[in-house]
Amino acid sequence: MPPPKSAPVFRSRQQTMSQADSGDNAGDLSDLVREGSAGKPAPEAGASSMLGAIGSSICGSNQVLVQRACRDVFWLVVFLLHLLVFGAALALFGLNRFRQADRFNIGRYANLTAEPWGTPAGSPDPAPAPPPPSVYRSEDPSVPASELTETYWKFYGAAGGVGTALAWAWLAAVAWRKDGGKVVMRTAVHSLTAYLAVVSVLCFWGKHFFWGVALAVGAALHFLYVMSVLDRFPFTMLVLQKAVRMVWELPDVMRIAYAFVLVMLCWMALWSFGVSGIVAFGIPNGGQWWLLLIFSVSLFWTGAVLSNTVHVIVSGMVFLVLIHGGPAAATMPPKPLLKSLQYAVTTSFGSICYGSLFTAAIRTLRWEIRGIRSKIGSNECLLCCIDFLFHIVETLVRFFNKYAYVQIAVNGRSFNRSARDAWELFQSTGIEALVAYDCSGAILLMSTILGGLITGTCTGVWTYFNQSDKAIMVGSTSMLMGMILVGLTVVVVESAVTSIYICYAEDPLLIQRWDPEFFEQLSEALHERLQYRSARARQILNGRLDHLPHTSSI
């Protein structure tokens, strides 16, 4: 029988966890355990003792309120300082060319970068080169309108509008009907390769060969990845459909996503203002691209922090719904959404800032390596190299994974501690085999990338017909804006997926009570994956033994 069907194994783990290592919460969880199990039948009380304590720790209780300590405060301070410094720099660059070119005379510093390196000492000074077309003195009356901040700011305003419309449309389509998410996600999977190819052709047509090649390679890699995991799509779509159903039952979490999109738009208004000033400000030797790269990394981190804040809020809500048996259950605590929001933006915000720096890159690298590894076959040399990279990434995943955000919402621990606890929970229960087989995160990322591509294409085409030399620059940064805005709504479904897996690992009876048919499907899939891993391990071991030199018997 598969492990998840052995309920006592999970309960013994939960009872052990409830008695051990309570130092991260300033409160005695044993009181909450007794309170959560009082008045329930014996099997239900035994199975939900740990989870009842967790639920009370999320939203508090009328009798006992678990106080959480702030975690990863250093990264919270770093993030806030980053916002302050980059916000001031964006305002400076934007105002420098707002209605008046080079208001603060920054052009003199840009001209220094154009001075050739390696000029021998004592050599005569070369004749001064004419300034670039976009570098003018503030008193020059002949400044063209194309070199001011407001010329490019309207393009970024359009990008924000398109990205917001796509984000809200995606979430509305998912919530419109219970199978709406399935249709939307299938469309994203099948459309992304074609869209990348079309945009690549447009780049070649516009004589932007580097971007054309990059997008063509991206289309090829995406096609190969989809082909390598095609057999996993039925199970992935099943999990996504159930996650969408969970979101569909919680309209409040969708309102949270809408609200955070508006918060992100406020920061993007300042960001696009500053970036418009950089685009209008001609800096020699590729200085514009370097500045745009730095500010794009800043925007990505800010967007990831807001997205993962939504992740923590939704995870706490989904966990509570599964623990108490439904959003309308009589045992649900009052105002759970506000309490989850309070924890996410106060005590857990430092952990969110820390995890947002590394998690996305490590997850993407892991998906690619897993897809390649599953299709290598019997090439021992290539398999050895991929296994080396795979084990490095798996070590990083142990400390940086998206399931940490569920543990942060549930227990309020630090990010690394939460990531390690989640991964050890999956390893000890065998759920890691099921998590590795699931491609829901990759499919949701495809939806995010498709939203960004549509935003970048719309903005880039408009810019091309007005300022053709800046089309790629504006289009690529607009694509990032679109991805972040769409990602703020996509993360709602991803949070439901991660919470379902954590709950299934903690206590499978929670999933069985919520959806018995889904519980049976998960159990069957887990049993198949464990059998497959065991057979593959025997096959690899036998293959390596066959290559050992045979020794004659003595």
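- In this structure, Thr429 contributes its side chain and Leu425 its backbone to a donor-acceptor pair below 3.5 Å.
- Of the possible donor and acceptor atoms, one in the side chain of Thr236 sits under 3.5 Å from a partner among the backbone N and O of Cys439.
- Judged by distance alone, the side chains of Ser499 and Tyr504 never bring a donor and an acceptor atom under 3.5 Å apart.
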### Query
Are Asn416 and Ser414 close enough, and set up right, to give a side-chain hydrogen bond (donor to acceptor under 3.5 Å, both in side chains), and what steps lead you there?
CA-CA 6 Å; Asn416 285 143; Ser414 64; over 6 Å; no
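- Relative orientation of the Trp271 and Tyr156 rings is perpendicular, given thresholds of 30° and 60° on the angle between their planes.
- For the residue pair Ser272/Trp153, the side-chain donor-acceptor check at 3.5 Å is satisfied.
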### Query
Can you list the steps and then say if Gln531 with His527 is a side chain to side chain contact (heavy atoms under 4.5 Å, CB included)?
CA-CA 6 Å; Gln531 285 184 331; His527 184 59; 3.2 Å; yes
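- The shortest distance between side-chain heavy atoms of Val486 and Ile454 does not fall below 4.5 Å.
- Distance check: Phe295 CZ to Leu90 CG gives 4.5 Å after rounding to the nearest 0.5 Å.
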### Task
Kindly indicate, with the supporting measurements, whether the criterion side chain to side chain contact (heavy atoms under 4.5 Å, CB included) is fulfilled by Trp289 and Met473.
CA-CA 8 Å; Trp289 282 107; Met473 195 175 290; 3.7 Å; yes
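- Counting heavy atoms from C-beta outward, Pro336 and Met317 have side chains that approach closer than 4.5 Å.
- The aromatic rings of Phe93 and Phe281 sit tilted, their planes meeting at an angle between 30° and 60°.
- Contact check for Gln521 versus Phe235: no side-chain heavy atoms found under the 4.5 Å cut-off.
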### Message
Using side chain to side chain contact (heavy atoms under 4.5 Å, CB included), reason through Met254 and Trp248 one step at a time and then give a plain yes or no.
### Response
CA-CA 9 Å; Met254 290 186 284; Trp248 192 71; 5.8 Å; no
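- Aromatic rings of Phe79 and Trp301 (six-membered ring for Trp) have centroids within the 6.0 Å cut-off, being under it.
- Counting all heavy atoms, side chain and backbone alike, Val497 lies closest to Ser440 at CG1-OG, 3.5 Å.
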### Query
Are Phe204 and Val213 close enough, and set up right, to give a side chain to side chain contact (heavy atoms under 4.5 Å, CB included), and what steps lead you there?
CA-CA 8 Å; Phe204 283 120; Val213 171; 3.8 Å; yes
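- Annotation: the span from Ile408 atom CD1 to Arg71 atom CZ amounts to 11.0 Å, rounded to 0.5 Å.
- Formation of a donor-acceptor pair under 3.5 Å by the Asn411 side chain with backbone atoms of Arg413 is not found in this model.
- Side chain of Gln288 to backbone of Ile278: a donor-acceptor contact under 3.5 angstrom is found.
- Under the 4.5 Å side-chain criterion, counting only non-hydrogen atoms from C-beta, Ile352 is not in contact with Trp75.
- The shortest heavy-atom contact between Ala219 and Thr193 is O-CG2, 3.7 Å.
- The CH2 atom of Trp423 sits 13.0 Å away from atom CD of Gln407, with the distance rounded to the nearest 0.5 Å.
- Closest approach of Ile484 and Gly303 over heavy atoms only: CG2-CA, 3.7 Å.
- When atom types are taken as modelled, the side chain of Thr457 and the backbone of Leu453 share a donor-acceptor pair closer than 3.5 angstrom.
- Proximity of a side-chain donor or acceptor of Ser495 to a complementary backbone N or O of Val491 within less than 3.5 Å is detected.
- Relative orientation of the Phe86 and His82 rings is tilted, given thresholds of 30° and 60° on the angle between their planes.
- Two residues are said to be in side-chain contact when any heavy atoms from C-beta on lie closer than 4.5 Å; Val279 and Phe155 fail this criterion.
- Ring to ring, Phe415 and Tyr405 are close: their centroids are under 6.0 angstrom apart.
- The shortest side-chain heavy-atom distance between Met446 and Tyr225 falls under the 4.5 Å cut-off.
- Formation of a donor-acceptor pair under 3.5 Å by the Ser298 side chain with backbone atoms of Ile294 is not found in this model.
- A donor-acceptor distance shorter than 3.5 angstrom exists from the side chain of Asn308 to the backbone of Ala304, with no hydrogens or angles considered.
- Here the CG atom belonging to Leu322 is positioned 6.5 Å from the CD1 atom belonging to Ile500, to the nearest 0.5 angstrom.
- Judged purely by atom type and a 3.5 angstrom limit, Ser478 uses its side chain to pair as donor or acceptor with the backbone of Val474.
- Atom CZ of residue Arg245 and atom CG of residue Leu250 lie 11.0 Å apart, to the nearest 0.5 angstrom.
- Residues Phe98 and Leu148 are not in side-chain contact: their nearest non-hydrogen atoms beyond the backbone lie 4.5 Å or more apart.
- Separation of atoms CG (Leu299) and CG (Leu480) is listed at 5.0 Å; rounding is to 0.5 Å.
- In terms of heavy atoms, Ala159 sits closest to Thr455 at O-CG2, 3.4 Å.
- Taking both residues in full, the closest heavy atoms of Leu485 and Gly160 are given as CD1-O, 3.7 Å, listed atom of the first, atom of the second, then distance.
- Nearest heavy-atom pair, Trp170 versus Val490, reported as atom, atom and distance to 0.1 Å: CZ3-CA, 3.7 Å.
- For the pair Leu434 and Leu522, the minimum side-chain heavy-atom distance is below 4.5 Å.
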### Query
For Tyr403 and Ser418, what are the C-alpha separation, side-chain angles and deciding distance, and is it a side-chain hydrogen bond (donor to acceptor under 3.5 Å, both in side chains)?
CA-CA 8 Å; Tyr403 302 95; Ser418 299; over 6 Å; no
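- Taking the ring centroids of Tyr343 and Phe349, they lie at or beyond the 6.0 Å cut-off.
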